[in-house]
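Because only heavy atoms are used, hydrogens play no part in the values below, and waters and symmetry mates are left out as well, while side chains stay in.
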Amino acid sequence: MFKKNKHGIQIKSPEQLDKMRAAGLVVGRTLELLRSSVQPGVTPLELDAIAEEAIRGEGAIPSFKGYQGFPATICASVNDEVVHGIPSDRRKLREGDIISLDCGAILEGWHGDSAITVPVGEVDPKLTELMRVTEEAMWRGISALTVGGHLSDIGFRVERYVRSQGRYGIPPEYGGHGIGTEMHMDPWVANHGRPGRGPRFEVGMCFAVEPMVNIGTERTKVLDDEWTVVSVDGKPSAHFEHSVAVTENGPLVLTALDGGESRVKDLLADQADTT
């Protein structure tokens with residue numbers, strides 16, 4: 001049985017959160033393996049094979065493969081590809097590229113979903129800063145997931161941080177989502193907006209927080225493969241994501257190997273000091 005609140009958002013029991021955490025760790029370990037595998041000369045398709053072997057080796061199933069017809073285990077989005085890049089062997093990664101790796105796994109019926117953006121060798125400092133800003137925006141959004149907060153607080157914190165760091169584009173049509181017995185569940189989680197709106201957070205809710213940030217325009221388009229999303233100006237994009245549970249003690253980052261403890265603790269302390 002799966003409990004839902006009045007807005008239809010799935011509420012997980014402590015035992016179910018343990019299963020979500022187990023699925024999240026499969027994803028977290030797979031992404032760390034992929035991070036160490038990224039280097040010049042590697043193809044996205046080779047990374048996809050590494051991910052599938054790792055996920056299945058832990059007794060889990062890739063969430064993405066076959067999802068609405070998607071043909072691969074991971075999304076591998078290079079440079080101006082914002083999200084949903086299909087891994088292929090048509091090109092090899094080159095020094096100076098960045099690649100966003102989005103990965104999902106199902107373990108005992110529960111989903112984990114996370115993404116990182118990784119530099120290929122030495123990259124332009126502007127790209128290093130883009131990745132830093134995007135990842136920090138994700139953590140700012142995660143810090144909103146405290147009991148009694150509102151859904152829109154996530155997007156507000158993501159957008160406020162990104163806007164404070166320079167002229168970046170936040171594609172408005174892409175964002176996070178609820179997660180649990182399905183990979184994509186209601187509600188949608190925007191990466192922009194005003195605070196204090198939408199459902200209140202309750203213990204046992206789980207969300208994927210995933211900002212996508214472009215170094216140029218926010219405008220995007222979908223390529224002819226009907227999956228790959230690119231920036232219309234051809235400038236690079238970064239993507240970071242974690243699956244997060246609301247607990248009595250604050251956010252538990254299900255797909256972070258340390259549960260996000262160090263980053264969340266620091267952010268919550270900073271907020272308390274500001275208040």
Is it the case that over 12 heavy atoms from other parts of the model lie below 6.0 angstrom from the CZ atom of Arg194? no
Show, in sequence, the C-alpha distance, side-chain angles and deciding distance for Phe64 and Thr73, and conclude whether the side chain to side chain contact (heavy atoms under 4.5 Å, CB included) test is met. CA-CA 5 Å; Phe64 297 176; Thr73 292; over 6 Å; no
Would you say Arg197 and His150 are linked by a side-chain donor-acceptor pair, where the criterion is simply a distance under 3.5 Å? no
Side-chain heavy atoms nearer than 4.5 Å, only ILVMFWY residues, links allowed to pass through others: does that put Ile99 and Val123 together? yes
Would you say the side chain of Cys206 lies within less than 4.5 Å of the side chain of Val244, judging by non-hydrogen atoms? no
Could you walk me through whether Tyr67 and His184 satisfy the side chain to side chain contact (heavy atoms under 4.5 Å, CB included) test, starting with their C-alpha distance in whole Å, then the side-chain angles of each, then the deciding distance to 0.1 Å, before giving a yes or no? CA-CA 11 Å; Tyr67 179 76; His184 292 136; 2.9 Å; yes
Within-4.5 Å side-chain heavy-atom neighbours: Pro251 and Thr146: yes
Who else is in Val222's hydrophobic cluster (ILVMFWY, side-chain heavy atoms under 4.5 Å, direct or via others)? Val82, Val83, Tyr174, Met212, Val229
Among Ser77, Ser237, Ser100, exactly one meets side-chain hydrogen bond (donor to acceptor under 3.5 Å, both in side chains) together with Thr117. Which residue is that? Ser100
Taking all atoms of both residues into account, what is the closest heavy-atom pair of Gly96 and Leu127, and its distance? O-CD1, 3.7 Å
Just do the salt bridge (Lys or Arg N to Asp or Glu O under 4.0 Å) check on Glu218 and Lys235 with the steps written out, would you? CA-CA 10 Å; Glu218 67 179 23; Lys235 294 183 179 179; over 6 Å; no
Counting N and O atoms only, with roles assigned by atom type, does the side chain of Ser152 sit under 3.5 Å from a partner on the main chain of Gly198, one being a donor and the other an acceptor? no
Got a second to check how far Ser114's OG is from Leu31's CG, nearest 0.5 Å? 5.0 Å
For Asp233 and Thr217, work out which heavy atoms get closest and say how close. OD2-N, 2.9 Å
Gly112 and Ser63 have their tightest heavy-atom pair at O-OG, 4.2 Å
Ignoring hydrogens, what is the shortest heavy-atom contact between Ile55 and Ala105? Give both atom names and the distance. CG2-CB, 4.0 Å
Met138 side chain near His242 side chain, heavy-atom distance below 4.5 Å: yes
Side chains of Asp102 and Asp113: closer than 4.5 Å at any heavy-atom pair? yes
Closest contact, heavy atoms only, Ala137 versus Val158: O-CG2, 3.4 Å
How about CZ on Arg163, more than 12 heavy atoms from neighbouring residues, nucleotides or ligands closer than 6.0 Å, or not? yes
Show your reasoning for whether side chain to side chain contact (heavy atoms under 4.5 Å, CB included) applies to Leu252 and Leu17. CA-CA 10 Å; Leu252 169 62; Leu17 284 181; 5.7 Å; no
Cationic N near anionic O, under 4.0 Å, Glu136 to Arg132: no
Would Val147 and Val189 show up in the same hydrophobic cluster when neighbours are defined by side-chain heavy atoms closer than 4.5 Å? yes
Salt-bridge criterion met for Glu32 and Arg29 (N-O under 4.0 Å): no
With a 4.5 Å cut-off on side-chain heavy-atom distances among I, L, V, M, F, W and Y, is there a chain of contacts connecting Ile170 to Ile215? yes
Would you confirm whether Glu52, through its side chain, and Ala49, through its main-chain N or O, come within 3.5 Å as a donor-acceptor pair? no
Note, Val162 side chain near Asn191 side chain (heavy atom, < 4.5 Å): no
One pair to check against side chain to side chain contact (heavy atoms under 4.5 Å, CB included): Val264 and Trp139. What are the steps and the verdict? CA-CA 7 Å; Val264 169; Trp139 285 109; 4.0 Å; yes
Distance in Å, Gln10 CD paired with Phe207 CZ, rounded so as to fall on 0.5 Å steps: 11.0 Å
More than 12 heavy atoms of other groups within 6.0 Å of Glu261 CD: no
Counting only N and O atoms by type, is there a donor-acceptor contact under 3.5 Å from the side chain of Asp153 to the main-chain atoms of Gly196? yes
Does the ring center of Phe156 lie less than 6.0 Å from the ring center of His192? no
Could you state the interatomic distance from CD (Gln165) to OG1 (Thr134), rounded to the nearest 0.5 Å? 10.5 Å
Co-membership, hydrophobic cluster, residues Leu47 and Phe70, 4.5 Å side-chain: no
Verify same cluster id: Ile154, Ile11 (apolar side-chain graph, 4.5 Å): yes
Find the distance between CD1 (Ile74) and CD1 (Ile86) and round it off to the nearest 0.5 Å. 12.0 Å
Side chains of Thr228 and His84: is there a donor and an acceptor less than 3.5 Å apart? no
Rounded to the nearest 0.5 Å, what's the gap from CD on Glu241 to CD1 on Ile116? Could you check? 11.5 Å
Output all residues satisfying side-chain hydrogen bond (donor to acceptor under 3.5 Å, both in side chains) with Glu122, sequence neighbours left out; order by chain, then residue number. none
Do Asp186 and His177 meet the criterion of a side-chain donor-acceptor pair at a distance under 3.5 Å? no
Determine yes or no for a side-chain-to-main-chain donor-acceptor pair under 3.5 angstrom, with Asp80 supplying the side chain and Ser231 the backbone. no
Just list the side-chain donor-acceptor pairs under 3.5 Å for residues 37-44, sequence neighbours left out, or say none.
unit_1 : atom_1 : unit_2 : atom_2 : d
Ser37  : OG     : Leu33  : O      : 2.8
Thr43  : OG1    : Glu46  : N      : 3.1

Are the side chain of Asp97 and the backbone of Arg94 linked by a donor-acceptor contact shorter than 3.5 Å? yes
Any side-chain heavy atom of Val120 within less than 4.5 Å of one from Ile98? no
On a heavy-atom basis, which atom in Gly85 and which in Glu81 lie closest, and how many Å separate them? CA-OE1, 4.4 Å
Output yes when a side-chain donor or acceptor of Arg200 lies under 3.5 Å from a complementary backbone atom of Gly148, and no otherwise. yes
Residues His239 and Glu210: side-chain donor-acceptor under 3.5 angstrom: yes
Measuring only between side-chain heavy atoms, which start at C-beta, is Gln68 closer than 4.5 Å to Trp227? yes
Is it true that Lys19 and Glu15 have a side-chain N and a carboxylate O under 4.0 angstrom from each other? no
Could you state the interatomic distance from CZ (Phe240) to CD1 (Ile142), rounded to the nearest 0.5 Å? 11.5 Å
Glu95 atom CD, over 12 foreign heavy atoms within 6.0 Å: yes
Is there a side-chain contact between Asn214 and Thr220, using heavy atoms and a 4.5 Å cut-off? yes
